[in-house]
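Shown next, in structure tokens, is the structure this report addresses.
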2 protein chains.
Amino acid sequence: MTAAVETARGTRRTPADKYDERRTQLAISALETLGELGYARTSLREIANNSEFSHGVVHYYFADKFELITHCVRHYKSQCVTRYDGLVAESRTAEELLARFADKLVETMTTEAPVHRLWYDLRTQSMFEEQFRPDVLLIDATLQEMIGRVVTTYAELAGRPLTMDVATIYALLDGVFEKGLLAHLVGDRGASSDLRARVSDLLPRLLG
Amino acid sequence: MTAAVETARGTRRTPADKYDERRTQLAISALETLGELGYARTSLREIANNSEFSHGVVHYYFADKFELITHCVRHYKSQCVTRYDGLVAESRTAEELLARFADKLVETMTTEAPVHRLWYDLRTQSMFEEQFRPDVLLIDATLQEMIGRVVTTYAELAGRPLTMDVATIYALLDGVFEKGLLAHLVGDRGASSDLRARVSDLLPRLLG
DNA sequence: CCCGCTGCTTGACGCCCGTCAAGCATTGCT
DNA sequence: AGCAATGCTTGACGGGCGTCAAGCAGCGGG
């Protein structure tokens, strides 16, 4: 089984690697299509059309549509976990962290709007379909932890304690971000500055 | 045209009334089905199955699927605008208003979960599909005004000014409610008490 | 009493979906 | 060089969808 074909002595290019690579490649194509059309209107044929493969290949790498989408959201998660870790590690003052965090939120809202609306789409789907819940809840918890690292570092730099639990803070920021994203997508020019202002106003209020 | 059949002298039971009545009746059936299955999985046949009519009747009262769904969301809006007006008018102290508001949020989250997840579903659909945006934005503005009436009254009763604009407050509460709804739907027993606690904690912070 | 209109059902259409089997092309091993 | 396994394409399937046309039932007006 698993006839490894290591070219030299190193562990290079096993068939399993190729396989996983194609799965990820298809998952990326799928994420792009899903981000463009949304879950309801995305078909496997459309995903394949937006890739360099034909529609039948999906069933070579995935058992069914659900396994593909699951693989997609896991890939998405692996990308977004570390999105704010850089500015958390680098910022030296609370004010700097807050400014950079707000800027990053605005940037990701504008430049990665499709993937964010997809996230909200899938999270809402999980309210209807049980199948999605494990992955959605895991990603939601991961995002919450990410936000948690930002705000606890912010509090430490400010030398003052947080007066709210991280889960609630995440809910507040999520509401602000979702409102901003919708405004941005419907063409509201003030969406970016509104988001920045709201985040900049909100975080200082959370300190004791 | 429009041969009115007023029975007595009053304006009673014109054919147009019957027509609108059926439209609303179908819209209610549609809302129930949509709340159960979500937008992506709801078909016109399924809607008709959950009503007392057959699948063809939809096209007698609505031009197409989109017109039906539009009629649905408008009916939904007309129901929810006044949801909190009672407690706004009746509450005599800020504390009473806050407690009743939090209770009402919890109650509506638990007893009307399907229609709320449908609202989040449609709002997310509007991020992808332009057709939905006018109605979604109008409902969102209506909900925001409703929340605005609650919090401004709350501030007046407390004798202290609001230190945040209504749009931002709506975003915060929406984030808290959406998180609560998801938790409730996945079976989290603490969802209700969490929502109540978060709202009870949040509103006092918004006063100067 | 019968006719015609309104309200609803039934059935059919073309389309697109997820899925899968069969076959072709390419690669890599012996 | 020849063969077998791998990787991908093609085409077909059953089914569900939105839509719509034709037809039936029941009621009200002449």
Side-chain angles (χ1 to χ4, degrees), chain A residues 1-8 12-30 33-34 36-72 125 129 131-132, chain B residues 1-8 12-30 33-34 36-72 125 129 131-132:
Chain A
M1 313 289 178
T2 68
V5 285
E6 330 184 16
T7 52
R12 273 196 109 28
R13 300 258 114 234
T14 84
D17 282 345
K18 266 277 182 197
Y19 187 78
D20 284 352
E21 211 170 85
R22 275 282 190 278
R23 275 169 69 95
T24 299
Q25 193 176 352
L26 281 168
I28 291 172
S29 285
T33 308
L34 284 163
E36 222 49 55
L37 301 178
Y39 172 76
R41 278 168 293 281
T42 299
S43 68
L44 296 183
R45 282 172 161 83
E46 193 64 32
I47 291 172
N49 270 351
N50 286 17
S51 78
E52 48 179 337
F53 304 104
S54 69
H55 73 270
V57 84
V58 173
H59 285 275
Y60 189 82
Y61 290 100
F62 299 95
D64 56 12
K65 188 181 185 180
F66 179 71
E67 193 189 314
L68 168 60
I69 295 199
T70 298
H71 196 83
C72 283
Q125 293 312 309
E129 194 142 356
Q131 281 193 302
F132 286 144
Chain B
M1 312 291 178
T2 68
V5 285
E6 330 183 18
T7 53
R12 271 195 107 31
R13 299 258 115 235
T14 84
D17 282 345
K18 266 277 181 198
Y19 186 78
D20 285 352
E21 213 170 84
R22 273 289 140 80
R23 276 171 69 95
T24 299
Q25 194 177 350
L26 280 169
I28 291 171
S29 285
T33 308
L34 285 162
E36 222 48 57
L37 301 179
Y39 172 75
R41 279 168 293 281
T42 299
S43 69
L44 296 183
R45 282 172 161 83
E46 192 66 33
I47 290 172
N49 271 351
N50 285 18
S51 79
E52 48 179 337
F53 303 105
S54 69
H55 73 270
V57 84
V58 174
H59 286 276
Y60 188 82
Y61 290 101
F62 298 95
D64 55 13
K65 187 181 186 180
F66 180 72
E67 193 190 314
L68 168 60
I69 294 199
T70 299
H71 196 82
C72 283
Q125 293 312 310
E129 194 143 356
Q131 281 192 303
F132 286 144

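Letters A, B, ... mirror the listed sequences (proteins, then strands); counts begin at 1.
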Between atom [atom1] in [X] and atom [atom2] in [N], what is the gap in whole Å?
| X | N | atom1 | atom2 | value |
| --- | --- | --- | --- | --- |
| A:His59 | C:dA22 | NE2 | P | 16 Å |
| A:Gln25 | D:dG7 | CD | P | 13 Å |
| A:Tyr61 | C:dC20 | OH | P | 18 Å |
| B:Lys65 | D:dC20 | NZ | C1' | 17 Å |
| A:Tyr39 | C:dC17 | OH | C1' | 12 Å |
| A:Phe62 | D:dC8 | CZ | C1' | 15 Å |
| A:Arg23 | D:dT6 | CZ | C1' | 17 Å |
| A:Leu26 | D:dG7 | CG | P | 13 Å |

Exercise. B:Ile47 and B:Leu26: which non-hydrogen atoms are nearest, and at how many Å?
Worked result: CG2-O, 4.4 Å

Exercise. Which atoms form the tightest heavy-atom contact between B:Leu68 and B:Ala27, and what is the distance?
Worked result: CD1-CA, 4.4 Å

Problem set entry | Partners meeting ring pair (Phe, Tyr, Trp, His ring centres under 6.0 Å) with B:Tyr60 (sequence neighbours left out) | none

Exercise. Do any of residues 45-55 of chain A sit with a heavy atom less than 4.0 Å from DNA chain C, and if so which?
Worked result: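 Only A:Arg45, A:His55 qualify.
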
Problem set entry | Closest to the A:Tyr60 side chain, choosing from C:dC20, D:dT19, D:dC8 |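 Comparing C:dC20, D:dT19, D:dC8 against the side chain of A:Tyr60, the answer is D:dC8.
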
For this session: Tell me which nucleotide among C:dG7, D:dT19, D:dC8 gets nearest to the side chain of B:Asp64.
Result: D:dT19

Applying side-chain contact (heavy atoms from CB on, under 4.5 Å), name anything that partners [X], two or more places apart in sequence or on another chain.
| X | result |
| --- | --- |
| B:Ser54 | none |
| B:Arg41 | A:Tyr39, A:Gln125, A:Phe128, A:Glu129, B:Leu37 |
| A:Arg45 | A:Ser43, A:His55 |

For this session: Quick one: which residue pairs count as a salt bridge (Lys or Arg N to Asp or Glu O under 4.0 Å) with a foot in residues 61-72 of chain A, not counting sequence neighbours?
Result: A:Arg23-A:Glu67

For this session: May I ask you to evaluate whether A:Arg22 reaches the phosphate of D:dC8, defined as a side-chain N or O under 4.0 Å from OP1 or OP2?
Result: yes

